[in-house]
Amino acid sequence: MRAPQRIAVVGAGLAAVSACDTLRAHGYDGDLVLYSAEQGLPYDRPPLSKDVLLGKDRREDVLLRPEQWYDDQRVRLREGTVVRAIRPQSGGVELAGGAVETADRIVLATGGTPRALPVPGGDDPEIRLLRTWEDSLRLRERLLPGARVAVVGAGLIGAETAAVAAALGCRVTLVDPVRVPLAAAVGDDIATVLHDRHRAEGIDVITAGVEHVERRGGRFVLGLSGYGAAVAVDTIVVGIGIRPATQLAQAAGLRVDNGVLVDINRRTSHPAVYAIGDVARGVGRRTRHEHWEAAQRDGEAAGRGILALPGTDAGAPWFWSDRYGTRLEAIGTMADAERTVLRGTVESGAFLTFGMRDERVVAAAAIDRTRDIKVVRRIVDRGIAVDPAELADESTDLRSLLKR
């Protein structure tokens with residue numbers, strides 16, 4: 001294919017901005033347009049369930065790039081512009097008003113949409129979801145001291161939201177049908193410590209599914225499976241994951257299966273279209289990686305792919321979560337491991353778990369062990385064979401294992 005003259009990036013999250021940054025950094029000199037359905041400069045999303053919700057961060061504190069960057073990099077930011085369709089065969093994007101703008105490469109960075117509760121009453125418009133800046137501000141208005149708040153879903157977003165609500169003085173109930181959420185990702189030991197912390201902070205933790213939601217006397221009432229009493233609250237927050245926003249890709253005839261399917265360069269089934277971030281799933285991968293660093297690296301990979309540059313190995317996926325002054329960090333997923341090895345003690349509250357397959361570490365998770373996790377990540381990415389006894393022994397300098 002000939003070199004692109006005009007690239008359209010649909011979506012304005014981290015993956016999209018990363019793609020634009022990479023294209024310019026590697027010499028792309030053509031027209032570069034970033035279509036954002038939201039008004040305002042693109043912003044970072046992880047703070048929405050943390051310092052934005054706490055009222056500490058303003059919009060300018062969480063911008064992905066300052067306004068001047070878009071001018072300096074000659075990225076035309078089209079705020080409040082919804083793309084209604086993509087036309088890869090003819091080379092264009094159709095906007096909501098019907099206008100068609102040319103593009104000989106299209107990058108889909110459309111992200112995902114929060115899942116609503118799939119139960120009677122679960123579509124009530126007053127039930128809060130958390131995905132955008134406006135979502136965070138609207139929820140913040142409800143998190144008043146003494147307010148009764150139910151958080152449905154105890155994954156990363158739900159757990160962080162519950163922690164913030166408790167810090168703001170709310171009376172919080174956390175509902176999830178899984179006894180120990182996140183165990184498949186970070187292992188039983190760490191997942192148990194994290195989940196038990198909710199109770200220690202005064203949160204009422206209920207292991208149950210939501211069967212229905214009703215409005216009674218100005219409050220929400222949740223009917224729960226296997227739980228004797230209904231739960232009445234002032235506000236419900238739902239954090240049960242997202243659905244990849246694949247509508248544009250499906251309408252254009254691209255291959256879609258739990259995300260837009262992409263190769264190592266993030267190219268879709270049409271050679272002129274790329275997909276990055278939460279909306280994309282690599283061919284051969286079981287899951288999509290819905291994390292900050294994965295989005296950043298996806299953007300970099302697409303930028304390099306469009307310019308026909310050699311790809312780079314992203315290594316094992318990494319993510320983090322902050323709650324109650326504690327930091328969780330994880331590499332890979334414990335579901336890929338055959339056994340686990342503990343370093344440190346669970347009682348200390350700051351320890352590390354390795355997930356091993358044969359003689360190699362394939363995953364790791366840690367609570368407040370940032371220095372260690374950085375070293376372990378290099379061990380995982382290099383595929384270094386290690387002795388489990390050395391991993392468990394706190395006197396072993398993990399950095400020494402890198403010399404093998």
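Numbers for residues simply follow the sequence, beginning at 1. Owing to the predicted nature of the structure, the values given are computational and were not obtained by experimental measurement.
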Next on the checklist: Using side-chain contact (heavy atoms from CB on, under 4.5 Å), reason through Val149 and Val237 one step at a time and then give a plain yes or no.
Outcome noted: CA-CA 7 Å; Val149 179; Val237 188; 4.1 Å; yes

Pairwise side-chain contact, [X] with [Y], heavy-atom cut-off 4.5 Å (strictly under):
X: Arg65; Y: Tyr70; answer: yes
X: Leu54; Y: Leu168; answer: yes
X: Val33; Y: Arg6; answer: yes
X: Val151; Y: Val175; answer: no
X: Phe319; Y: Glu290; answer: no
X: Arg281; Y: Asp257; answer: yes
X: Ile7; Y: Asp31; answer: no
X: Leu401; Y: Glu390; answer: yes

How far apart are the closest heavy atoms of [X] and [Y], and which atoms are they?
X: Ala16; Y: Leu34; value: CB-CD1, 3.7 Å
X: Ala364; Y: Ile373; value: CB-CD1, 4.1 Å
X: Leu23; Y: Gly303; value: CD2-O, 3.6 Å
X: Leu402; Y: Arg378; value: CD1-CZ, 3.4 Å
X: Arg148; Y: Val233; value: O-CB, 3.6 Å
X: Pro388; Y: Val341; value: O-CG1, 3.6 Å

So, [X] side chain and [Y] main chain: donor-acceptor pair closer than 3.5 Å or not?
X: Tyr35; Y: Ala8; answer: no
X: Asn265; Y: Ala301; answer: no
X: Arg87; Y: Val100; answer: no
X: Arg84; Y: Glu94; answer: no
X: Arg243; Y: Pro114; answer: no
X: Asp298; Y: Gly277; answer: yes
X: Thr396; Y: Leu398; answer: no
X: Asp393; Y: Ser395; answer: yes
X: Tyr28; Y: Gln5; answer: yes
X: Ser225; Y: Glu211; answer: no

Gap between atom [atom2] of [Y] and atom [atom1] of [X] - 0.5 Å precision:
X: Gln296; Y: Ile276; atom1: CD; atom2: CD1; answer: 11.5 Å
X: Arg128; Y: Ser136; atom1: CZ; atom2: OG; answer: 11.5 Å
X: Leu222; Y: Ile236; atom1: CG; atom2: CD1; answer: 4.0 Å
X: Ile306; Y: His26; atom1: CD1; atom2: NE2; answer: 12.0 Å
X: Arg24; Y: Trp69; atom1: CZ; atom2: CH2; answer: 9.0 Å
X: Glu214; Y: Phe220; atom1: CD; atom2: CZ; answer: 12.0 Å

With a sphere of 6.0 Å drawn around [atom1] of [X], does it hold more than 12 non-hydrogen atoms of other residues, nucleotides or ligands?
X: Glu67; atom1: CD; answer: no
X: Arg382; atom1: CZ; answer: yes
X: Arg255; atom1: CZ; answer: no
X: Arg339; atom1: CZ; answer: yes
X: Arg399; atom1: CZ; answer: no
X: Arg199; atom1: CZ; answer: yes
X: Leu137; atom1: CG; answer: yes

Next on the checklist: Which residue is it: Leu391, Asp188, Thr340? I am looking for the one with a side-chain contact (heavy atoms from CB on, under 4.5 Å) to Thr353.
Outcome noted: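 When Leu391, Asp188, Thr340 are each tested with Thr353, the side-chain contact (heavy atoms from CB on, under 4.5 Å) holds only for Thr340.
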
Item to check | Given Thr207, Leu156, Leu174, Asp176, the one that forms side-chain contact (heavy atoms from CB on, under 4.5 Å) with Pro181 | outcome: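 Testing Pro181 for a side-chain contact (heavy atoms from CB on, under 4.5 Å) against Thr207, Leu156, Leu174, Asp176 leaves exactly one candidate, Asp176.
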
Checklist entry - Passes side-chain contact (heavy atoms from CB on, under 4.5 Å), Arg78 versus Glu101? Steps please. => result CA-CA 12 Å; Arg78 300 285 300 278; Glu101 299 187 355; 2.9 Å; yes

Checklist entry - So, Asp336 and Arg357, do they make that salt bridge, N to O below 4.0 Å? => result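 Answer for the salt bridge query: no.
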
Item to check | Arg369 bridged to Glu394 by N-O distance under 4.0 Å | outcome: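 The answer is yes: the pair qualifies as a salt bridge.
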
Next on the checklist: Before you tell me yes or no, could you show the steps for Arg377 and Glu293 under salt bridge (charged side-chain N to carboxylate O under 4.0 Å, His left out), namely the whole-Å CA-CA distance, both residues' side-chain angles and the distance that decides it to 0.1 Å?
Outcome noted: CA-CA 13 Å; Arg377 188 177 193 185; Glu293 188 187 66; 2.2 Å; yes

Item to check | Worked verdict on Arg142 versus Asp234 for salt bridge (charged side-chain N to carboxylate O under 4.0 Å, His left out) | outcome: CA-CA 8 Å; Arg142 298 285 189 89; Asp234 304 303; over 6 Å; no

Checklist entry - Is there a side-chain contact (heavy atoms from CB on, under 4.5 Å) between Asp189 and Phe351 once you walk through the steps? => result CA-CA 10 Å; Asp189 288 329; Phe351 63 100; 4.0 Å; yes

Checklist entry - Does a donor on one side chain and an acceptor on the other come within less than 3.5 Å for Asp135 and Thr132? => result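 Asp135 vs Thr132: donor-acceptor pair found between side chains.
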
Item to check | Side chains of Arg267 and Tyr274, donor plus acceptor under 3.5 Å | outcome: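 There is such a pair (donor and acceptor under 3.5 Å, judged by atom type) between the side chains of Arg267 and Tyr274.
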
Checklist entry - Under 30°, 30 to 60°, or over 60°: which ring-plane class applies to Trp320 and Trp292, parallel, tilted or perpendicular? => result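 The rings of Trp320 and Trp292 stand perpendicular, inter-plane angle above 60°.
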
Next on the checklist: One pair to check against side-chain contact (heavy atoms from CB on, under 4.5 Å): Ser269 and Leu261. What are the steps and the verdict?
Outcome noted: CA-CA 7 Å; Ser269 54; Leu261 296 179; over 6 Å; no

Next on the checklist: For a salt bridge (charged side-chain N to carboxylate O under 4.0 Å, His left out) check, start with the C-alpha distance between Asp278 and Arg131, then their side-chain angles and the critical distance, and finish with the verdict.
Outcome noted: CA-CA 12 Å; Asp278 291 350; Arg131 184 68 174 176; 2.9 Å; yes

Item to check | Identified side-chain hydrogen bond (donor to acceptor under 3.5 Å, both in side chains) counterpart of Tyr324 within the set His198, Arg197, Glu160 | outcome: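 The side-chain hydrogen bond (donor to acceptor under 3.5 Å, both in side chains) with Tyr324 is passed solely by His198 among His198, Arg197, Glu160.
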
Checklist entry - salt bridge (charged side-chain N to carboxylate O under 4.0 Å, His left out) between Asp61 and Lys56: does it pass, once the steps are laid out? => result CA-CA 9 Å; Asp61 297 323; Lys56 294 181 178 180; over 6 Å; no

